[in-house]
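Heads up: the structure comes next, in structure tokens.
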Amino acid sequence: MFRRVGQRAGIAPSSCHNAWISMNSTSPTQRPGGRSERLVLASICLAAIVLPLSFSGGAIATPDIARTLGGSPTALTWITNAFMLSFGSLLMAAGALADQYGRKRVFAGGMSLFVVSTILLALAPSVLWLDVLRALQGVAAAASLASGSAALAQEFEGHARMRAFGLLGTSFGLGLAFGPVIAGMLIAWLGWRAIFVFIAGVACLAMIFGLPRMRETRDPGASGLDWPGTLCFTAMLVLLTFGIIQAPASGRDSPLIIALLGGAGVLLVVFVIIEARVARPMLDLSLFRYPRFIGVQMLPVGTCYCYIVLVVLLPLRLIGIEGWGEMRAGLFMLALSAPMLFMPLVASRLAHRVSPGALSALGFLAAAAGLCWLARISFEGAAFSALLPLFLIGMGAGLPWGLMDGLAVSVVPKERAGMATGIFSTTRVAGEGIALASVSATLAWIIQSGLTRMAMASPHVVATASQQLATGELHRASTLLTQLPAADIRWIYAQAFTHLLLGLAAITVICATVVFSVIGGSEERASMKVAGGEAADPSP
């Protein structure tokens, strides 16, 4: 997930950007040899592979989970969102704990909890337990990735460190590209529970390879976790995500939804006040005086809406609405995810000749064109005509994907690189959860509008059926809408999906415009050449 970092690669907000030399003073172990370093790198890269597999695997498995365990549409939505919510909201907090208590210790604890929670997911008796355990799995993922990234920075230096984090980003791309295929094969052969058994096995390998050879390091200046900020930030994301997910069922004007979203707004204000007053904040608000840093935050937002949401929603359509098998859907998704294996490398090569901001904006425009093209495609039959637009979307999203981590640290002064990485990483992961919740709710609303015009049913039945269709449950929706043929319901869904794709394209174009106007200048090329070079100019 992280391709580049600044002077320190940890996600925690430490101000000691050059403290890695003194950090290993807490352990008598000397700097390991080359083979040990490579095994530590292999361990953390394996951990990076299973994280996107956990994300995409849950999406591929949702229709099969619904068939075996049932569950309401809202509960099924939380299978993915619970993982992303806890993962994104606790990344910075996990990095702070790793700084204080030791990167190896937190990595070991996080990976152990990840293995245990994943095994329990394979044994879950109900969707409710799945949701709870997915949230716990997200907590473990945050601890593992935050501490693992920080520990990796202590094993390498200079160009070797940059290459190591390049491999870490490639590992995430591998998991994202082949996750749907692996998940589809496992479901087709053994059922959805096999996905979590496989993930737990890979995580165990990561621990076996890396833990015995990883040095214990910590930040001597760490002052503990910003508990008020952490609790306030997490509660804000929970209320916001729950309000968005629940809105289609309760109605946008429901007192519950107004209270949830209003509460999230209040907590956001309280969080900002807390962070402005504490000595070592979880979120350093002064970074937002750099306009280009604000512009960089639009990069993960754009990739969320043009790429990440399709990783979840498209398999739900192919499996639940179009009736495809899980393996076929997983293979089909390769057209979307395979470009992530090579486009980040292409982007890094092109960045020597073209402004990274302009290159990112160009990628977003290509992805938007792919979304518009995909909106005109029917998924009936073989649907081979959808492969090219999906490939174009993946290629377009791959350009900013390969540049945004480097940009996140190049647009701020070098001594703020660690904090900048933490904020950017949180924006990316938390943004993915919010994007998924908002896009799923929007799809349900568009479907509900279409069903209201054609179905002779009560508003409650229409709302429930709309939610079920948004999660790929065509059969269960058809049992509620008995007066409508399944072909008509499928047509309504297809029209809603088309409108959704056009909306996603519009958001992507807006992101491209903002990115180009704020960080598209040629001066960005100089800041990309040297990690942690001269302080970035705070002006646009």
Side-chain angles (χ1 to χ4, degrees), residues 56 59-60 62 77 80 176 180 244 248 298 300-324 329 332-340 361-401 431-432 434-451 466-467 469-474 489-513:
S56 58
I60 292 284
T62 297
T77 300
T80 299
L176 202 58
I244 294 173
M298 295 299 294
V301 172
T303 54
C304 282
Y305 283 97
C306 73
Y307 178 78
I308 294 296
V309 294
L310 286 183
V311 174
V312 176
L313 292 183
L314 193 54
L316 293 179
R317 175 177 182 175
L318 297 178
I319 299 170
I321 305 298
E322 306 298 338
W324 292 21
F332 196 83
M333 291 296 293
L334 276 176
L336 177 66
S337 55
M340 283 298 174
L362 180 64
F364 281 143
L365 291 178
L371 288 167
C372 293
W373 187 1
L374 187 65
R376 302 171 60 87
I377 300 297
S378 171
F379 284 92
E380 296 181 358
F384 290 129
S385 57
L387 293 177
L388 284 178
L390 285 174
F391 193 75
L392 178 60
I393 295 169
M395 290 184 65
L399 287 177
W401 192 281
E432 289 172 357
I434 295 173
L436 282 173
S438 61
V439 171
S440 298
T442 300
L443 179 60
W445 279 328
I446 300 174
I447 294 172
Q448 184 174 348
S449 176
L451 289 177
S466 300
Q467 285 184 280
L469 286 171
T471 57
E473 287 297 309
L474 176 63
I489 298 175
R490 188 181 289 109
W491 181 85
I492 292 172
Y493 177 93
Q495 293 299 306
F497 204 86
T498 296
H499 293 310
L500 180 70
L501 290 175
L502 295 176
L504 295 178
I507 295 174
T508 307
V509 170
I510 293 172
C511 291
T513 304

(request) May I ask you to decide if A435's main-chain N or O and S438's side chain share a donor-acceptor pair within less than 3.5 Å? (result) yes
(request) Would you give the length of the straight line joining atom CG of L469 to atom CG of L443, rounded to the nearest 0.5 angstrom? (result) 8.5 Å
(message) Could you go through L504 and C306, starting from their C-alpha distance and side-chain angles, then the distance that decides it, and tell me whether this counts as side chain to side chain contact (heavy atoms under 4.5 Å, CB included)?
(response) CA-CA 6 Å; L504 295 178; C306 73; over 6 Å; no
(request) Measure across S466 and L451 and return the closest heavy-atom pair with its distance rounded to 0.1 Å. (result) OG-CD1, 3.5 Å
(message) Using only atom types and a distance under 3.5 Å, with no angle test, would you say the side chain of T303 pairs donor to acceptor with the backbone of P300?
(response) yes
(request) Would you name the heavy atoms of I377 and P389 that are closest together and state the gap between them? (result) CG1-CG, 4.2 Å
(request) Output the distance between atom OG (S449) and atom NE2 (H499), rounded to the nearest 0.5 Å. (result) 8.5 Å
(request) Nearest 0.5 Å please: distance from the CG atom of L374 over to the CG atom of L388. (result) 11.0 Å
(request) Calculate, to the nearest 0.5 Å, the distance between atoms OG1 and CG belonging to T498 and L502 respectively. (result) 7.0 Å
(request) Measure the spacing between CG of L314 and CZ of F379 and express it to the nearest 0.5 Å. (result) 5.0 Å
(message) Could you go through I321 and I489, starting from their C-alpha distance and side-chain angles, then the distance that decides it, and tell me whether this counts as side chain to side chain contact (heavy atoms under 4.5 Å, CB included)?
(response) CA-CA 9 Å; I321 305 298; I489 298 175; over 6 Å; no
(message) Can you confirm whether the side chains of S337 and Y307 place a donor and an acceptor under 3.5 Å from each other?
(response) no
(message) With rounding to the nearest 0.5 angstrom, report the CG to CG distance, L501 to L310.
(response) 6.5 Å
(request) Indicate the atoms forming the closest heavy-atom contact of A367 with T508, along with that distance. (result) CB-CG2, 4.4 Å
(message) Would you say that C511 contacts Y305 through its side chain, given a criterion of any heavy-atom pair below 4.5 Å between the two side chains?
(response) no
(request) Taking the side chain as every heavy atom from C-beta outward, state whether F332 and L390 have any atom pair closer than 4.5 Å. (result) yes
(message) Testing the basics here: between C304 and E432, what is the closest heavy-atom pair and its distance to 0.1 Å?
(response) SG-CG, 3.3 Å
(request) Evaluate the side-chain proximity of F364 to P400: yes if any heavy-atom separation is below 4.5 Å, no if none is. (result) yes
(request) Return the set of residues passing salt bridge (charged side-chain N to carboxylate O under 4.0 Å, His left out) with R317 (not counting sequence neighbours), or none when no residue passes. (result) E322
(message) So which atom in V509 and which in A368 form the shortest heavy-atom distance, rounded to 0.1 Å?
(response) CG2-CB, 3.7 Å
(request) Indicate the atoms forming the closest heavy-atom contact of S385 with S378, along with that distance. (result) OG-O, 4.4 Å
